[in-house]
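Here is the structure we will look at, set down as structure tokens.
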Amino acid sequence: MLSSNNEEAGRHLGVDGLAPSFDPAEVEQGLYDWWDESGFFQPNEDPSAKPFVIVMPPPNVTGELHVGHALFVALQDLMIRWHRMKGDAALWIPGADHAGIAGQWVVERQIAEEGLTRHDLGREAFVERVWEYMHRLRGRIREQMRTLGASCDWTRFAFTMDPGPSHAVRVVFKHLHDKGLIYRGTRLISWCPRCMTALSDLEVVHKDVDGHLWHIAYPLTGDPSRSIVVATTRPETMLGDSGVAVHPDDARYVAEVGQTLTLPILNRELPIFADDAVDPAFGSGAVKVTPAHDPNDFELGKRHHLEQINILERNGTLNQHAGPFAGMHISAAREAVVERLKQDNAIVRIEEHRHAVGHCERCGSVVEPTISEQWFVKMQPLAEPAIKVAKDGTVAFVPDRFRGVYLNWMENIHDWCISRQLWWGHRIPVWYCQTCGETTVAVEETLDECPGCGGHVMQDPDVLDTWFSSGLWPYSTLGWPEQTDDLQRFYPSDVMETGYEILFFWVARMVFFGIEMMGEPPFHTVYLHGTVRDTEGLKMSKTKGNVLDPTEITATFGSDALRFALVTQGSPGLDMRLSMTLVESSRNFINKLWNATRFGLRAINECEIAMAEDGPARPEEPASLVDRWILSRIEAVTVDTNRLLDSHLYGEAGRQLREFVWTELCDWYIEAAKVRLRGTETERQVVAQVLAYVLERVMRLLHPFLPFATEAIWQALPHQGKSVMISTWPVAQRTDSDAEQRWLRVSELIVRIRNARAEVGVEAARWIPATIHAGEFHGDFTAVASEISALARVDSEQLMISNLAAQPGESDVVVVTDDAVAVLPLVGLVDLAEERDRLQKDLEAAELERARATAQLSNPGFVDKAPRHVVDVQRERLSAAEEKIAVISERLATFSV
RNA sequence: GGGCGGUUAGCUCAGCUGGUUAGAGCGCCACGUUGACAUCGUGGAGGUCACUGGUUCGAGUCCAGUAUCGCCCACCA
């Protein structure tokens, strides 16, 4: 019976040794709770420990988690577990986001099913409903995170709408307001008529749509028989026109500048004026100017003191300024206006025209630019230091190309519209006195009276853009503005790991807010992952119905399998496709690891291998070349893993570990171990020690990738350690490249013998005799004769290793490697002609090899300029090929046919 | 309009500072139950590294250009 020495963990794990095959449900059962209850998720309190902090991108509390969340959990948990094992005070702060506009929308849709709107409920009751929803979902999201194994510190869980972060929002608002960086202004903003709120530039997504360019004739007031033709893609906005602009040098219109036109339908008089901004080559060269509904025209109108005529109501219907069209929704107005213009013969021409139209990021409605009084953050002063830290590398990007993307955005930034006409979110902390008219910005949640005159105050009805509060996340979660111990110790954080799609929304804003409020950026590294797509490469979305539920995958294959698939499939900054076969093959790998340990454990327990608390000792005097080889390899892999993790190449590190376990440990070492365990007691001891050492090391290296499985397996090993997650991260011992090279010769010979057996058609189960002529490496081959015998299925009684030239007989198969010749007497099996063909193929390969090496070496530039070791490799290659050719040729010569 | 990325085996992707015969998983073919694993083993087939130039002794890797797919940014009405 295989049993665990760690009763506590064993009890929680329900693991009593390792079952015959890996069962994710069994393994993950209760393990997370045990970790959590043991306090392993909280940062190391040792004051000398270096903090390593990741602030989790708070998922929106608007739905279940999807595989995109599983990806960030996998990557962040990997980094956190790795640093925790390195002895750092690793802190991963979990949280959730109230998701302003998205959150409100979800609940609005829910009550719509009851036939209600938010106005039927009223603000207070509606907000109450949203809170209920969020409370319910919050727990669900937390459960899913736990299922995924996220080792975040739940005692520090934060929600954007909680009192602490909300207070931080008000303090920042007041700070920026007092500094003049937040202002209220009447400006042209993007308005979603469906959500009935202002949006920031980022919340407007531009889509190219096929439209038309309408050419409309505006008659001259002074001479209605003549007209100027303007071109527009949005004819309905003509209702708000207050001028027509032409280029100052445009000869066609130079005479008309200063005159006026009569606006069709409404008969308003419009001045004709000149401005450099007009492109004479586009359309008719004359542009209608609608200052209240077009960003360009807004600027133009300001320069030329034009009237701003707002034709829109908040809900997207046209107001009294639209004359006969008042009350109509703007989406219907285009057709109506065009129809009317046609009747009036004002339409001169209609062209096909493809152009970009802004849509609401959340609901997809066409966004209307409109003039409105809103709150803004003045960006220029905040952007400057945020540009500097990206340029000088204070904040690094992985992959680095996102630095440019970030800078391009920061350098062309516009002021940020932060007020939203919603009910769900942080209320703007501004109070207006009904008596004296004074405006007060308060950090308190409520203000009872006007601090100036004691009059009655009313709070601004609007709420803040949800990204305002997320932007403060790296310190609002640590108790700021109180100078808490957490804040002292854990700000700034280290790595910001998130999707590239929120680089501007979130990352950029955290940077400038962090510098402004805390005096330094909130992290030194931004690691950006890609989007998880479906098997077809399509983005997952609820409407497409191709969203994968991580908990379903987890239930079948386990969290580790999903995480390993996500981590090893991806590369920083690139999208990836996730398929079930990929998750399945990851699960298969875990099963392999599991079973390798089952094999190892038997030897370890039989030999009663002692292990210190933090793992077994490195075997001092390994008996065999295979031992030296695998011990060297595990150290090399340790070096590589460290190097790759340091360079944020997590996927590559995982793939490399998988490769090591499967190919080197299982296919070679364990296979070789099988025969050696039948050997002397000393040999058995060594094998068991090596297995213990390597397996224990592998569990630690893989723990950040496969937290559940490695813990379960590690607990089954006979040591006194408490948990692999708080064991020491491996640092490499010396490697032994001599052993690695020598074993390579042996394994190559074995592969070649197997290959020859297969080609000749020797049954797999059949043991055959062999003579190996090993020249200068004869000693190596002798030392591992039993391994060769077992792995190549050569009868050990009949295996002869000699440094004398082999004397192949008539029906022998001859296998030639760089370092050895194996002669396999296979009487009755060998077809001479086939054998000759086989050798002929080998000969051709060797000749090609020789030709290539010769070509390289006869190139004078190569020998002179290439580094010594590269040239040496070619020389060795040449002499090996020559030797091979000699041996094969000699053998071929004995075939008389 | 500007910027960025992908293009490597049938499929999904690695290939990190240029250096032997370009790798893995899945799929495919042929065998196969040795002290773990059929969620497996052994052997094998399969690639003009999108294309064209260039730099270099040497290019999948660096440079320039082309094609193609995709993404981001952008107030030409």
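Throughout, protein chains are lettered first and strands after them, A, B, ... in sequence-line order, and every chain is numbered starting at 1. Just so it is clear, the model here is predicted, and its values are computed rather than measured.
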Legend entry - Residue A/L649, side-chain atoms from C-beta onward, closest of B/A77, B/C16, B/C72: B/C16
Legend entry - Of the listed nucleotides B/G25, B/C73, B/C37, the one nearest the side chain of A/R658: B/G25
Legend entry - Heavy-atom donor-acceptor pair, A/R793 side-chain to B/U42 base, under 3.5 Å: no
Inset, instruction - Scan side-chain atoms only and decide if A/R752 and A/N755 contain a donor-acceptor pair under the 3.5 Å cut-off. - result: no
Inset, instruction - Look at A/K592 and B/G41 and indicate whether a side-chain polar atom (N or O) is within less than 4.0 Å of OP1 or OP2. - result: yes
Inset, instruction - With C1' as the reference atom in both, quote the distance from B/G53 to B/C69 in angstrom, rounded to an integer. - result: 23 Å
Inset, instruction - Would you tell me whether A/H293 and A/E368 have side-chain atoms, one donor and one acceptor, within less than 3.5 Å of each other? - result: no
Legend entry - Span that lies between the P atom of B/C75 and that of B/G70, in whole angstrom: 24 Å
Legend entry - Selected nucleotide, minimal atom distance to A/K674 side chain, candidates B/G35, B/U42, B/U20: B/G35
Inset, instruction - Examine the side chains of A/Y650 and A/H648 and answer whether a donor and an acceptor come within less than 3.5 Å of each other. - result: yes
Legend entry - Side-chain N,O (A/N588) to OP1/OP2 (B/C40) below 4.0 Å: yes
Inset, instruction - Return the nucleotide paired to B/C62: Watson-Crick means purine N1 to pyrimidine N3 with N6-O4 or O6-N4, wobble means G-U with N1-O2 and O6-N3, both under 3.5 Å. - result: B/G54
Inset, instruction - Go through the N and O atoms of the side chain of A/R577 and the base of B/U12, and report whether any donor-acceptor pair is under 3.5 Å. - result: no
Inset, instruction - Look at A/R678 and B/G35 and indicate whether a side-chain polar atom (N or O) is within less than 4.0 Å of OP1 or OP2. - result: yes
Legend entry - For atom CG of A/L665 and atom C1' of B/G41, their distance in whole Å: 15 Å
Inset, instruction - Kindly say whether, by distance alone, the side chain of A/E671 makes a donor-acceptor pair under 3.5 Å with the base of B/G35? - result: no
Inset, instruction - Check whether the side chains of A/N412 and A/N408 place a donor and an acceptor atom closer than 3.5 Å, and report yes or no. - result: yes
Inset, instruction - Answer yes or no: does atom CD of A/E797 have more than 12 heavy-atom neighbours from other residues, nucleotides or ligands under 6.0 Å? - result: no
Inset, instruction - Provide the distance between the two P atoms, one in B/U55 and one in B/U12, to the nearest whole Å. - result: 36 Å
Inset, instruction - Could you tell me whether the phosphate oxygens of B/G41, OP1 or OP2, come under 4.0 Å of any side-chain nitrogen or oxygen in A/W662? - result: yes
Legend entry - First encountered from the 5' end of RNA chain B, between A/S21 and A/T568: A/T568
Legend entry - Options B/C75, B/G44, B/G35, nucleotide nearest the side-chain atoms of A/N755: B/G44
Inset, instruction - From the options B/A77, B/A36, B/A74, select the nucleotide whose nearest atom is closest to the side chain of A/I670. - result: B/A36
Legend entry - Proximal nucleotide (of B/C26, B/A36, B/U20) relative to the A/T581 side chain: B/C26
Legend entry - Residue-phosphate contact under 4.0 Å: A/R877 side-chain N/O, B/U21 OP1/OP2: yes
Legend entry - Nearest-Å distance for atom pair CG/C1', residues A/D667 and B/C40: 10 Å
Inset, instruction - Could you give the distance separating B/A9 and B/C72 at their P atoms, to the nearest angstrom? - result: 27 Å
Legend entry - C1' gap between B/G1 and B/U8, integer Å: 33 Å
Inset, instruction - Would you indicate, yes or no, if B/A77 has its OP1 or OP2 atom less than 4.0 angstrom from a side-chain nitrogen or oxygen of A/H353? - result: yes
Inset, instruction - Check whether any side-chain N or O of A/H414 sits under 4.0 Å from OP1 or OP2 of B/C75, and answer yes or no. - result: yes
Inset, instruction - Kindly say if A/N591 contacts the phosphate of B/C40, meaning a side-chain N or O under 4.0 Å from OP1 or OP2. - result: no
Inset, instruction - Hunt down the Watson-Crick or G-U wobble partner of B/A67, both distances under 3.5 Å, from any strand shown, or write none. - result: B/U7
Inset, instruction - Classify the angle between the aromatic ring planes of A/F282 and A/H353 as parallel (below 30°), tilted (30 to 60°) or perpendicular (above 60°). - result: perpendicular
Legend entry - Those residues of residues 201-214 of chain A lying under 4.0 Å from RNA chain B by at least one heavy atom: none
Inset, instruction - Check whether the side chains of A/S200 and A/E203 place a donor and an acceptor atom closer than 3.5 Å, and report yes or no. - result: yes
Inset, instruction - Can you figure out which of B/G43, B/A36, B/C76 approaches the side chain of A/F282 most closely? - result: B/C76
Inset, instruction - Find the distance A/L657:CG to B/A24:P and express it as a whole number of Å. - result: 17 Å
Inset, instruction - Give the nucleotide from the list B/C4, B/G25, B/A74 with an atom nearest to the side chain of A/S585. - result: B/G25
